[in-house]
Amino acid sequence: MDLAVLGINHTTAVLELRERLAIAPEKMADALQAACRQAGLEELVILSTCNRTELFFICAQGQSDAGQRSALQWLAQFQDVAAPEIESSCYLHNDEAAMRHMIEVASGLDSMVLGEPQILGQMKSALAVAEATGTVGPRLKRIFQSVFSTAKKVRTDTTIGENPVSVAYAAVVLAGRIFTDLANTSALLVGAGETIELVTRHLAEQRVSRIVVANRTLERARELAGRFGAEAVLFADIPVRLAEADIVITSTASQLPILGKGTVERALKLRKHRPILMVDIAVPRDIEPEVGGLNDVYLYSIDDLHRMVDDNLRNRQHETRHASRIVQEGVAAYTHKMRSLQALDSVKELRTRAEALRDAETARALRALARGEKPEQVVSTLARKLTNKLIHSPSIEMKRASAEGRDEALKVARELLGLNDSPDE
C-alpha cells in the first residue's frame with residue numbers, strides 16, 4: 001500500500017509542543033508543497049487541529065521508513081522544532097496500521113472526547129485543501145474515500161457519538177428534552193467564560209431564536225455575543241431578562257449566588273408561570289438551591305450534568321468494541337481490494353502473452369491450410385503447439401521448485417494453476 005502516517009496528538013505530546021507544531025490554515029498550501037518537494041513524498045494530506053498534527057502520505061514503493069524519516073526532518077525544519085523533540089513524542093504507522101489509525105481518527109475513536117463528530121469534518125477539509133493544492137493523487141484519494149465510508153458506518157451502526165460527553169453539550173441536550181422545539185425558545189446565559197462560550201455555540205447550532213449573554217463586564221459579553229448573533233447585557237439587567245428566558249444557563253466565578261428565589265419568583269409571575277429550565281454549571285453555585293423548589297422551574301446542578309456525562313461516557317466506551325470491529329472490517333476490505341487490484345497487472349501480462357502465442361500459432365495454422373495441408377492435421381498441430389508453449393514456463397518453474405525443495409512454492413503453483421480441482425471442474 002505504501003501508506004504512512006506521522007503525527008502527534010493529545011496523548012503523545014504536551015500542549016506546548018502541539019502548539020509549536022500546529023500549521024496555520026494560511027500556511028497549509030505552502031506546507032503541503034514544501035513537504036512533497038523536500039521530503040520526496042508522492043502524495044500528502046496534513047491534518048492540523050488543536051489536539052493533533054498528522055501527515056498522511058504515500059511513499060515510493062518500499063520506501064515507507066525512509067519517507068517517514070524525511071517527513072519528520074521536514075516538519076522539524078518547517079516548524080523550527082528540534083527533530084529529537086518531535087521523535088520522542090510522535091507515532092509512526094505504515095500500510096494497514098496507518099489506515100486503521102486514520103479510520104479511528106475520522107470516527108472519533110482517537111479523540112480527546114470519545115466519539116466527537118468535528119474531527120470527521122476537519123479531515124474532509126484537510127483533504128479538500130490538499131486536493132486544491134495538488135498534493136493528492138488517486139491512491140491517497142481512494143484511501144480517504146474508504147476511511148470516510150468506514151467512519152460513517154461507525155457513526156450509523158453504533159451510538160458512540162449520540163450522547164453528550166461534555167457539560168456544555170449536556171446542558172443543551174437537556175434543554176432539547178424539555179422543549180420539543182428549541183428554535184422557538186429564548187436563552188439567557190450568565191457568564192462569558194469558556195463553558196458559556198461552548199453553550200452559546202451549541203445553542204446557536206440548534207437555532208435557538210434568541211440568545212442573551214449577561215456578564216459582569218459588557219465588553220467581554222459583547223465579544224462573545226457578537227460571534228453568534230446574540231445580545232450582550234450586564235448582570236444588572238438579569239432580573240428583567242429572566243422573565244423573557246425559557247432556558248437559563250449559568251457559569252460564573254462568583255462566590256455568591258447570582259439568582260435568588262425571590263428574583264425567580266417575580267420572573268415566573270411575569271411569565272404567567274410558563275416553565276423555565278435552569279442549569280447551574282458553576283462552583284460555587286450561581287443559583288440558590290431553594291429555586292429548585294419553585295413550581296414551573298426545572299433546576300439542574302453541575303453534579304446532575306456530570307452524572308449524565310459519566311453515564312454517556314460509559315455507554316460510549318462500551319460501544320468502542322463494536323466500533324473497533326467495524327474499523328477492522330473496513331481495513332480488511334480495503335486491503336483485499338488493493339491486493340486484488342495489484343494482481344490485475346500480472347493477469348493482464350499473462351493474458352497478453354497467451355494471446356500473442358495464440359495469434360502466432362493461429363497464423364502458422366492458416367498458412368498450413370493455405371498450403372493445402374489436411375485440416376485435421378493442422379488443428380491437431382495447433383492444439384499441441386499451443387498447449388506446449390502455454391505450459392512450458394510453469395512446467396520449468398515447478399520442476400525447479402521441486403528440485404530445490406521449495407514445497408510451499410509448488411503448493412501455491414498447484415493452487416494457482418487449478419491442479420487441486422477435479423478435471424471436470
Side-chain angles (χ1 to χ4, degrees), residues 1-5 40 42-43 57-69 92-103 137-140 142-143 146 150 325 327-371 373-425:
M1 196 184 300
D2 299 312
L3 170 67
V5 172
E42 295 187 0
E43 301 181 35
F57 52 95
I58 299 291
C59 305
Q61 188 170 9
Q63 297 296 312
S64 293
D65 291 342
Q68 287 175 335
R69 288 193 297 271
L92 304 167
H93 302 299
N94 293 323
D95 296 328
E96 292 183 23
M99 188 168 185
R100 183 180 301 108
H101 173 78
M102 291 173 66
I103 296 173
R139 286 182 292 173
L140 203 49
R142 280 198 301 266
I143 288 170
S146 183
T150 306
R325 288 194 295 272
V327 171
Q328 187 54 43
E329 289 168 1
V331 173
Y334 183 82
T335 302
H336 178 77
K337 179 180 178 181
M338 288 301 101
R339 286 173 178 168
S340 298
L341 289 176
Q342 287 171 357
L344 285 181
D345 290 339
S346 298
V347 172
K348 288 178 181 177
E349 184 178 355
L350 177 63
R351 179 175 291 278
T352 298
R353 289 187 180 187
E355 289 175 345
L357 291 173
R358 177 202 64 196
D359 293 343
E361 293 306 319
T362 299
R364 289 191 182 94
L366 290 174
R367 289 195 296 270
L369 289 171
R371 291 193 299 269
E373 294 184 20
K374 293 181 179 180
E376 296 86 350
Q377 183 179 351
V378 171
V379 171
S380 177
T381 301
L382 169 65
R384 185 180 68 257
K385 286 187 174 182
L386 191 57
T387 300
N388 288 338
K389 289 188 176 183
L390 286 174
I391 69 172
H392 175 72
S393 291
S395 299
I396 295 296
E397 294 303 322
M398 289 175 72
K399 287 178 181 178
R400 180 178 292 121
S402 180
E404 295 174 355
R406 291 185 288 124
D407 295 338
E408 188 61 32
L410 192 61
K411 181 179 178 181
V412 171
R414 289 185 60 85
E415 183 178 348
L416 291 175
L417 294 171
L419 298 179
N420 296 330
D421 299 331
S422 65
D424 292 341
E425 294 175 333

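With sequence neighbours excluded, no residue satisfies side chain to side chain donor-acceptor pair (under 3.5 Å) with E376.
If you take CG on N94 and CE on M99, they are separated by 14.5 Å, rounding to the nearest 0.5 Å. If you take CD1 on I143 and CD1 on I103, they are separated by 10.5 Å, rounding to the nearest 0.5 Å. Atom CZ in R367 sits 10.5 Å away from atom OG1 in T362 (nearest 0.5 Å). For the atom pair R100 CZ and E96 CD, the distance stands at 6.5 Å (nearest 0.5 Å). We find the CD-OG1 distance between Q328 and T150 to be 10.5 Å, quoted to the nearest 0.5 Å. In this structure, CZ on R353 lies 8.0 Å from CG on L350, to the nearest 0.5 angstrom.
Side chains of L3 and M102 form a contact here, defined as non-hydrogen atoms less than 4.5 Å apart. Side-chain contact between P138 and E43 is present, with heavy atoms from C-beta onward closer than 4.5 Å. In this structure the side chain of L92 never reaches within 4.5 angstrom of the side chain of V5, judged on heavy atoms.
A salt bridge is defined here as a Lys NZ or Arg NE, NH1 or NH2 lying under 4.0 Å from an Asp or Glu carboxylate O, and E415 with K411 fails to meet this definition.
Pairing each heavy atom of R139 with each of Y334, the nearest pair is O-OH, 4.0 Å. The two atoms that bring G67 and C59 nearest to each other are CA-SG, 3.9 Å, heavy atoms only.
Identified under the side chain to side chain donor-acceptor pair (under 3.5 Å) test for residues 380-390, with sequence neighbours left out: E361-K389.
Of the possible donor and acceptor atoms, none in the side chain of S402 sits under 3.5 Å from a partner among the backbone N and O of M398. R414 places a side-chain N or O within 3.5 Å of a backbone atom of L419 that can act as its donor or acceptor partner. Distance alone, capped at 3.5 Å, places no donor-acceptor pair between the E42 side chain and the F57 backbone.
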